[in-house]
Amino acid sequence: MASKDALKELSSTLSKARILLAADVDASLVSDAEINTLVARLVEMHKADAGLSVATKEEIAAIVDQITKEKAPVPVDVKRKAGFTAAASEIDAYYKITNKERLTTGGSIDDFVDHFKNRLEKIRRILEERRIGASIVQSISATRSYMSGREVTIVGMVTTKISTKKGNIMVVVEDSTAEIKVMFMNGTSHQSKDLFESSKRLVNDEVVAIRGKLSNQFLMANEILWPDVPIKEQKTIKGDIAIAFMSDIHVGSKQFMEKNFEKMLKWLNGEAQSREDRIAGKIKYIIMAGDVADGIGIYPDQEYDLAIHDIYLQYKLLFNFISMIPDYIHVFVMPGNHDAVGRAEPQPALGEEFVKDFKLDNVHIVTNPSYINLHGLDVLAYHGTSLDSIIRAIPDLSYAAPEKAMVEVLKRRHLSPVYGGNVIVPSKEDQLVIDKVPDILHMGHIHKNGIAEYHGVRIVNSGTWQDTTGFQQRSGHIPTPCMLPVYEALAGRFTTIKF
Ligand code: FE
Ligand code: ZN
């Protein structure tokens, strides 16, 4: 429904075209999303009229009806292929969702202070568990009473990083008690060169430990210790099941590759494609890690890129597709920066208004991020909006290899280390700290597939189902659309299937 303001806007836009709204036209007749189309059609309809003309209630109702019919998604119908019995349909599902609920905050200065304090404490604990050789000092302020020359390990948040005139790097590290200037010298020995290079990888707002020698008010760094993840052994899973990873479907975009998406749905339903068919029947879970719809008003001039201008219809079409996934497969739908939940992270699960008409027992609406345990495997799924700021901040990262950026995120034990690079809610508890090391880390957002393994953690970026956009082409970014990574749990193996 349109708001009163929208109706006012409609009437003033029309009056410029010398069209008056009939007195009985009220806000319940039109929806906000349709106003532009409505104006265009009324102007077209009345263009032959000399002087003022009146748009009647009936005319408006007819146009609204017409628009709705045009935009209604054409439902495709994918049926289970006769004779196709999927092994996964014989296996009971086991899943446990741990959503990252938003802990509400007023967004005051105090909330920010508490938020960063919590980040510091959580990551300090992780660093302490690593039992790093030198013990960590109680606080940065404690180092003030120490003699120059003493070796210490401090833990704090990086607040500033600058190159000095002499070509060294100076980093300011802060905890809740004080800050200290840490120097990384651009030396000639191998050791100092390595350290100097790694100091370039420090990003603002991340929490690290630094070992060094106190020298007056400075700390001369000897080593950077990232919280990192311990080496994990691969879990053995009972049940020959597979997990498929998707993201960035962008339903509603003109570039959404509907035909390819349908092909994949048919494949899930047993329609032969290729030698990878045996995998289709093993799929028990599908994670959709955000940007499931293209959204409305996400970036300037997005309306030109949209095939569906109504957010409800975008989700209707998405859930229409999801309903064609065989019902023994459990589907987890997470929002991303394009979805209708607001950008601030953690993002809540998609609202009831978008999902209420499409409820299915095998479809689960989850938060971004969330931990999803599948058959004993811990999957940490996160859309990956922060990858933009990580790629910008760390020298050798690029959009061509999102999995490398994901390794850096894992090493920092925080899903969005650069504050301000990505909107996050400053809640009392920092929900984006990776406190539990997952077996699989799943992200999207970059629209480029990538698979890696780091310390036993499987890393997967699930690419996209959206064709290359003009913007991506101009910025030299080449997406990899319609490539579905599937993880076979028993074999511990990824296979990527092209549709
Ligand atoms: Fe996307
Ligand atoms: Zn995204």
Side-chain angles (χ1 to χ4, degrees), residues 116 119-120 123-124 126-127 130 132-137 139-175 177-229 386-401 403-414 416-421 454-455:
F116 284 121
R119 179 187 292 199
L120 193 64
I123 297 182
R124 184 185 172 109
I126 294 169
L127 280 156
R130 282 192 56 195
I132 25 192
S135 61
I136 299 166
V137 294
S139 66
I140 291 176
S141 71
T143 63
R144 296 214 168 134
S145 58
Y146 293 173
M147 303 273 283
S148 243
R150 177 155 169 187
E151 185 162 289
V152 293
T153 303
I154 56 149
V155 169
M157 190 177 291
V158 174
T159 60
T160 318
K161 187 173 85 177
I162 55 165
S163 290
T164 68
K165 278 186 210 139
K166 288 181 178 158
N168 303 315
I169 288 175
M170 191 196 77
V171 170
V172 179
V173 176
E174 184 185 300
D175 69 7
T177 65
E179 58 173 47
I180 190 166
K181 294 186 176 90
V182 183
M183 295 298 297
F184 293 89
M185 308 306 278
N186 190 3
T188 45
S189 74
H190 256 302
Q191 211 187 347
S192 78
K193 254 189 191 147
D194 284 353
L195 180 64
F196 185 72
E197 286 308 311
S198 9
S199 74
K200 293 179 181 168
R201 310 182 78 79
L202 288 167
V203 302
N204 278 346
D205 314 313
E206 73 167 308
V207 177
V208 285
I210 297 172
R211 189 173 59 80
K213 243 187 200 140
L214 291 167
S215 167
N216 300 319
Q217 74 272 48
F218 290 98
L219 181 70
M220 309 306 282
N222 289 325
E223 193 181 6
I224 305 170
L225 297 139
W226 272 281
D228 217 322
V229 292
S386 69
L387 293 175
D388 289 326
S389 58
I390 287 286
I391 290 172
R392 236 177 290 129
I394 299 177
D396 54 22
L397 295 181
S398 82
Y399 283 87
E403 68 280 11
K404 288 191 182 146
M406 289 169 70
V407 170
E408 297 297 331
V409 164
L410 202 55
K411 277 171 78 169
R412 283 164 180 77
R413 297 294 290 269
H414 197 285
S416 185
V418 186
Y419 186 81
Y454 180 74
H455 287 191

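Every heavy atom of this structure was used, including side-chain atoms; hydrogens, water molecules and symmetry mates were not. The model shown is predicted, which means the values in this text are computed figures rather than measured ones.
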Ring pair (Phe, Tyr, Trp, His ring centres under 6.0 Å) against Tyr454, all qualifying residues, sequence neighbours excluded: none
Please report the interatomic distance CD1(Ile210) to CZ(Phe184), rounded to the nearest 0.5 Å. 4.0 Å
Nearest atoms (heavy-atom pairs only) where Ile154 meets Ile136: C-CG2, 4.5 Å
Please say whether more than 12 non-hydrogen atoms of neighbouring residues, nucleotides or ligands are located less than 6.0 Å from NZ in Lys404. no
I need the minimum non-hydrogen distance between Val418 and Asp205, along with the two atoms involved. C-OD2, 3.7 Å
N/O donor-acceptor pair under 3.5 Å between Arg201 side chain and Asp396 backbone: no
Side-chain donor or acceptor of Ser189 paired with backbone N/O of Ser192 under 3.5 Å: yes
Distance (rounded to the nearest 0.5 Å) between Leu219 CG and Asn222 CG: 8.0 Å
Does some side-chain heavy atom of Ile169 sit less than 4.5 Å from a side-chain heavy atom of Lys161? yes
Atom pair CE/CE of Met185 and Met220 - distance to nearest 0.5 Å: 4.5 Å
Once rounded to the nearest 0.5 Å, what's the spacing between atom CG of Leu120 and atom CD of Glu174? 9.0 Å
Compare all side-chain heavy atoms of Ser416 with those of His414 and state whether any distance is below 4.5 angstrom. yes
Is a side-chain N or O of Asn168 found less than 3.5 angstrom from the main chain of Asn186, in a donor-acceptor match? yes
Shortest non-hydrogen contact between Ile126 and Pro227, atoms and distance: CG2-CB, 3.8 Å
Looking only at non-hydrogen atoms, find the nearest pair between Val155 and Ala209 and report the distance. CG2-CB, 3.9 Å
Work out which heavy atom in Val229 is nearest to a heavy atom in His455; give both atom names and the distance. O-ND1, 2.7 Å
Hey, is the main chain of Ser141 close enough, under 3.5 Å, to the side chain of Thr177 for a donor-acceptor pair? yes
State, to 0.1 Å, how close Thr188 and Lys193 come at their nearest heavy-atom pair, and which atoms those are. O-NZ, 4.1 Å
Apply the test side chain to side chain contact (heavy atoms under 4.5 Å, CB included) to residues Val158 and Val203: give CA-CA distance (whole Å), side-chain angles for both, the deciding distance (0.1 Å), then the verdict. CA-CA 7 Å; Val158 174; Val203 302; over 6 Å; no
Hey, is the main chain of Ala178 close enough, under 3.5 Å, to the side chain of Asp175 for a donor-acceptor pair? yes
Under the side chain to side chain contact (heavy atoms under 4.5 Å, CB included) rule, collect the residues that match up with Ser198, sequence neighbours excluded. Ile224, Trp226
Working to the nearest 0.5 Å, report the span between CD of Glu408 and CD1 of Ile390. 7.5 Å
So CD of Glu403 and CE of Met406: to nearest 0.5 Å the spacing works out to 8.5 Å
